[in-house]
Amino acid sequence: MEKNKNSSKTILLVEDDKSLNKIIRLKLENFGYNVLLAEDAEEALKILDAHLPDLIWLDIYLPGISGLELLKKIRQNRKTKDLKIAIVSVSGNNLKMEIAEKFSVKDFFIKSNYNLDELIKDIGNILNK
Amino acid sequence: MILAIGIVDLFISLAVLGLALFVIMRNRDRRINQLFGGVVLSLAVWIMASSMSDLSAVLWENEIQALFWARAAIIGPFFFCAFFLYFTYFFPHDGHGLSKLKTALIFSAPVLILPLVLTQYNVESVRLKYWGTDFTPGILYTVLLICLISYFTAAFYNLIIKYKRGDSFQKAQIFYVIAGAAFVLIIGTISNLIFPVYFGDGRLSVLGPSLAMLMFTFLTAYAILVHHLLDVWIVIRLGTIFALVFAVISFIYIGGVSILTQYIGSTISLLAASLLITLSFEPLKRFVEDKTDRIFFKKHYKMDEVIGELTSVVHKIELNIDKILSAFNEIIVKHFKARSVATAVLTPGGSFISKQFFHDGSNNRHFELYQDNPLVSFLAANPNFLINRDELIRNLQTGSLVLPVDDIELIPGLLEEMEGMDFALALPIKSRDQLIGIYFVGDKKSNDLFTYQDIKLLDHLTGEIGAFIDNARLYEDLKRLDEAKSNFISVVSHQLRTPLSAMRWDTELLLDGKINKKTREEFLRDTYKNSLFMISHLDDMLIALDIEDREVHLDKAECNIEDLIDEILEEHKPMIGQKKLKLEISLIEPAKKLFADCKKIKKVFAVLLVNAINYAPADVGEVKVNSREKSEHDKKCVEFSIADNGIGISGDEQRYMFQKFFRGENAKKMSPNGFGLGLFITKSFIESHGGSVNFESSGRDKGTIFYFTVPIE
């Protein structure tokens with residue numbers, strides 16, 4: 001039932017940890033989302049060039065270009081600047097404030113605080129706003 | 001007025017004689033100093049005799065006396081010519097001297113005229129005037145003119161030849177002498193020859209010789225003393241102070257006595273005046289000293305004041321090397337009027353980079369000196385000596401060595417370097433007897449040489465700089481450690497929470513039970529892998545804490561090198577394969593076995609290999625593993641090296657590589673999940689085996705080679 005409701009939505013998952021992106025991708029697909037996976041910022045930018053997702057699920061700690069820089073690039077690009085972004089990280093309250101101020105991202109989730117199903121539901125709510 | 005001039009004349013001749021005496025006493029055995037004494041003595045005779053003649057006319061109105069002194073005065077200029085010509089043969093360096101014939105020839109003129117001094121061939125007659133003695137010159141004055149012209153021509157010829165051949169330092173010296181002699185010649189000729197002989201007006205002759213003498217003596221004394229790094233300004237300053245004190249006291253004495261005599265009789269008034277002088281001498285001297293410094297010697301700095309300024313700068317400025325060096329430069333430039341100053345500071349890479357380079361008002365020149373630079377290697381070997389360019393020039397000329405240079409061959413190299421960089425002094429900056437910087441000072445704007453006091457002050461300054469750099473480094477290290485620690489905490493929380501989140505979500509899925517067997521196995525394996533990852537990271541942390549707390553315990557056994565490397569490579573093959581790296585291994589026989597803690601050696605190997613894999617570029621990356629036998633501290637060792645062609649290590653970061661928690665900026669970007677403990681653990685494991693770890697990297701993106709040695713036994 002959930003599948004059908006979300007079948008039209010695409011989420012770009014930016015997460016470098018392989019076991020994490022595996023489980024998240026599986027769960028998101030179970031919820032009926034289309035998932036585009038990027039393991040680093042460069043890959044994410046490449047994907048964004050070709051497809052515009054409905055939401056970006058962004059881990060802020062990334063190798064190479066950091067998640068923050070990626071965020072900045074997304075916000076600077078006219079095409080992508082209004083995309084919905086949910087930052088899903090494992091830590092960082094100060095970071096949360098900083099990002100919220102700088103890039104007007106209000107949705108910030110700490111991974112280990114969430115049951116994955118609840119997290120996906122919360123993110124689903126952002127999508128449906 | 002006239003009386004005053006006469007007294008001033010006498011006074012000047014006394015002061016100048018004192019200065020001549022001082023020059024001679026500085027180095028009695030040097031021919032040049034003796035000759036200078038001769039030159040000044042003849043001048044003094046000239047000036048004293050002519051002022052006595054004038055005083056005879058003005059004070060005592062005694063014609064016989066006036067005639068006698070007027071005639072005697074001619075000895076002065078004759079001997080002056082001879083001594084001066086002779087002097088130019090030896091100046092600025094004591095040469096091989098002159099043949100006896102030439103010497104005799106030079107002195108023949110003044111000696112031959114001696115019998116004629118007290119005859120009418122010299123001065124025919126004198127007329128007493130209110131301003132002094134006017135005289136009618138005889139034939140001797142024409143001889144004197146010829147002498148002056150020929151002797152001075154020869155002397156100037158000598159000096160000009162020497163000037164052309166001389167280095168910049170000698171040129172400066174010769175210049176002073178030429179200037180002094182030219183003064184004497186011009187003033188003396190005008191006042192004592194042209195005016196009295198050709199215009200019949202002898203009034204100028206009262207002051208002329210004194211002025212000429214004063215100029216000549218000071219300029220020449222300066223040129224000679226400069227040679228010995230003695231600040232003539234100190235001498236002149238003391239001379240002036242004493243002269244003024246003397247003048248003030250004489251004034252009080254004479255004035256006081258003549259007034260008091262009218263009331264209390266001469267004996268008591270003399271006693272009273274003496275008492276007054278005794279009591280007032282010290283305070284008067286201090287007063288005059290202060291006033292003369294303020295009026296005449298603004299150039300002369302007071303060491304205490306400069307040191308005070310330096311110290312107050314240290315207290316005022318924050319712990320920032322650039323700021324303090326620039327403040328120091330300002331002070332030194334202000335007081336020394338130096339053209340340039342620069343501080344070169346030791347970098348972690350071993351070279352010396354100019355930190356603050358002040359040059360002619362701008363701050364934008366830079367240089368870098370490497371360990372093989374002659375100045376660096378000299379000061380590193382002799383951190384208690386300074387390099388003085390002029391000293392080097394002198395050593396090169398005379399062959400006598402003041403510096404602890406075992407090999408005279410070193411001097412040209414040092415000199416070339418100093419001249420190339422256009423600096424006069426290079427002083428070592430030390431920290432615990434290690435060379436950590438070099439302080440360079442360029443020439444003074446006045447071209448004066450650096451005095452003993454200057455050098456003492458600079459020595460003090462470099463001490464301050466050394467201590468300051470030490471403190472600043474310590475502070476930087478602490479700050480970095482603090483940053484590293486907070487960074488560590490955030491990394492640890494990220495590092496542990498990432499696998500924990502994955503494990504949590506994986507188990508949620510597994511507990512759900514709605515998944516097939518294949519998926520279940522896959523997520524169980526992931527969970528297992530994540531738990532291993534956490535254990536290994538926690539192990540690293542515990543090892544690092546352990547290393548802090550106590551000595552590393554070694555469990556030594558025989559390790560087969562080939563097996564060890566095979567095992568490690570086997571474990572990391574998947575990582576290498578994933579990044580498509582090229583792997584090259586070359587193990588040199590005969591070392592096959594080590595007696596060591598195999599687990600720890602394996603750990604070290606793993607750390608370095610994983611680093612090389614992580615930091616090499618995917619697809620085009622190369623990792624090379626080598627081993628060879630090597631002897632280190634007389635012990636047979638095996639040296640392993642692991643090289644990559646990856647991100648490299650920037651110069652600034654190199655000195656922190658083995659510090660706990662430290663992670664390079666590049667490394668953080670390439671692999672954000674490291675703890676910064678690997679190299680710290682590596683170093684302590686290898687050093688506890690009695691081996692050493694080192695690395696080479698030419699900088700960013702230039703790859704890195706890590707070496708470590710392990711003693712075989």
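This one's a predicted model, so the numbers in the text were calculated from it and none came from an experiment. Because only heavy atoms are used, hydrogens play no part in the values below, and waters and symmetry mates are left out as well, while side chains stay in. Below, chain A is the first sequence line, B the second, and so on; all start at residue 1.
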Measure the spacing between [atom1] of [X] and [atom2] of [Y] and express it to the nearest 0.5 Å.
X      : Y      : atom1 : atom2 : result
B:M503 : A:I23  : CE    : CD1   : 13.0 Å
A:L26  : B:T519 : CG    : OG1   : 6.5 Å
A:D117 : B:D512 : CG    : CG    : 7.0 Å

Measure distances from B:N530 to the heavy atoms of chain A and classify the residue's part below 4.5 Å as side chain, backbone, both or neither.
side chain
How close do B:D526 and A:S19 get, heavy atom to heavy atom, and via which atoms?
OD2-CB, 3.6 Å
Of all heavy-atom pairs between A:N115 and B:W505, which one has the smallest distance, and what is that distance?
C-NE1, 4.0 Å
Under 4.5 Å between any side-chain heavy atoms of A:K22 and B:F523, yes or no?
yes
Short N-O contact, A:K27 and B:E508, less than 4.0 angstrom
no
Might you confirm whether atom [atom1] of [X] has over 12 heavy atoms from other residues, nucleotides or ligands at distances under 6.0 Å?
X      : atom1 : result
B:K529 : NZ    : no
A:K84  : NZ    : yes
B:K514 : NZ    : no

